[in-house]
Amino acid sequence: MVVSFNCTQDDEKIQDSSSIYKPSGVISQERAIDLNKAWASKNASLFNKAGESKFESEIQSHWWSLEDLRNYLDYAEHEAELKGYNMTGVRVYLAAYPEKNNQNTLFFAPTGHKAVSQASMLGLFLQPRDEDMPINPLNEGGGGAGGYPD
């Protein structure tokens, strides 16, 4: 499963600010609870096959500080520019640590495309396809055993 985030200025403008936009993918907390419960229900039987307590000890969420996320986005954009890319988003990958008994984890991978010169004819005819860029992903967030709080 791959999750991507993207926000454009066409998204809903926040009423109290002239420069903050609500991304189109924002969901309600109730929807988040339903989605998390559906994930837990779907995967509980798989974890229980590995042992009765496996599901309760499995990491179901990850946390990164706001500072780390902002710093990573700045770092990734800077690296993209140095490598000749335009960063357009971030893809979130589900993953597992093989050295930690396949414990769940997530990582962020910046996405974008090779920068194309303004004078290039290619830019007039083809829209570049966003892909993972050769920039180190962000991992090592804090994990938690519990699901989304009710």
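Residue numbers count from 1 along this sequence.
A distance of 9.0 Å separates OG of Ser61 from CG of Leu106, quoted to the nearest 0.5 Å. The CG atom of Leu73 sits 6.5 Å away from atom CD of Glu77, with the distance rounded to the nearest 0.5 Å. In this structure, Asp34 CG and Ser28 OG are separated by 7.5 Å, a value rounded to the nearest 0.5 Å. Asn36 contributes atom CG, which lies 8.5 Å from atom CD1 of Ile33 (distance to the nearest 0.5 angstrom).
A donor-acceptor contact closer than 3.5 angstrom is absent between the side chains of Asn139 and Tyr93. No hydrogens or angles considered: nothing links the side chains of Thr111 and Asp132 as a donor-acceptor pair under 3.5 Å.
Checking side-chain atoms of Lys114 against main-chain N and O of Lys83 turns up a donor-acceptor pair under 3.5 Å.
Shortest non-hydrogen contact noted between His113 and Asp130 is ND1-OD1, 3.3 Å. Residues Thr105 and Tyr97 approach most closely at OG1-OH, 3.1 Å, considering heavy atoms.
Counting heavy atoms from C-beta outward, Ile135 and Met87 have side chains that stay 4.5 Å or more apart. Side-chain contact between Tyr85 and Pro110 is absent, with no heavy atoms from C-beta onward closer than 4.5 Å. You'll find the side chain of Leu94 stays beyond 4.5 Å of the side chain of Asn104, heavy atoms only.
The ring of Trp64 has its center closer than 6.0 angstrom to the ring center of Phe108.
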Full working for side-chain contact (heavy atoms from CB on, under 4.5 Å) between Val90 and Leu138: CA-CA 10 Å; Val90 175; Leu138 176 66; over 6 Å; no

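Linking Ile, Leu, Val, Met, Phe, Trp and Tyr residues whenever their side-chain heavy atoms come within less than 4.5 Å places Met133 and Tyr75 in a single cluster.
In Glu67, the CD atom is not crowded: 12 or fewer heavy atoms of neighbouring residues, nucleotides or ligands sit closer than 6.0 Å.
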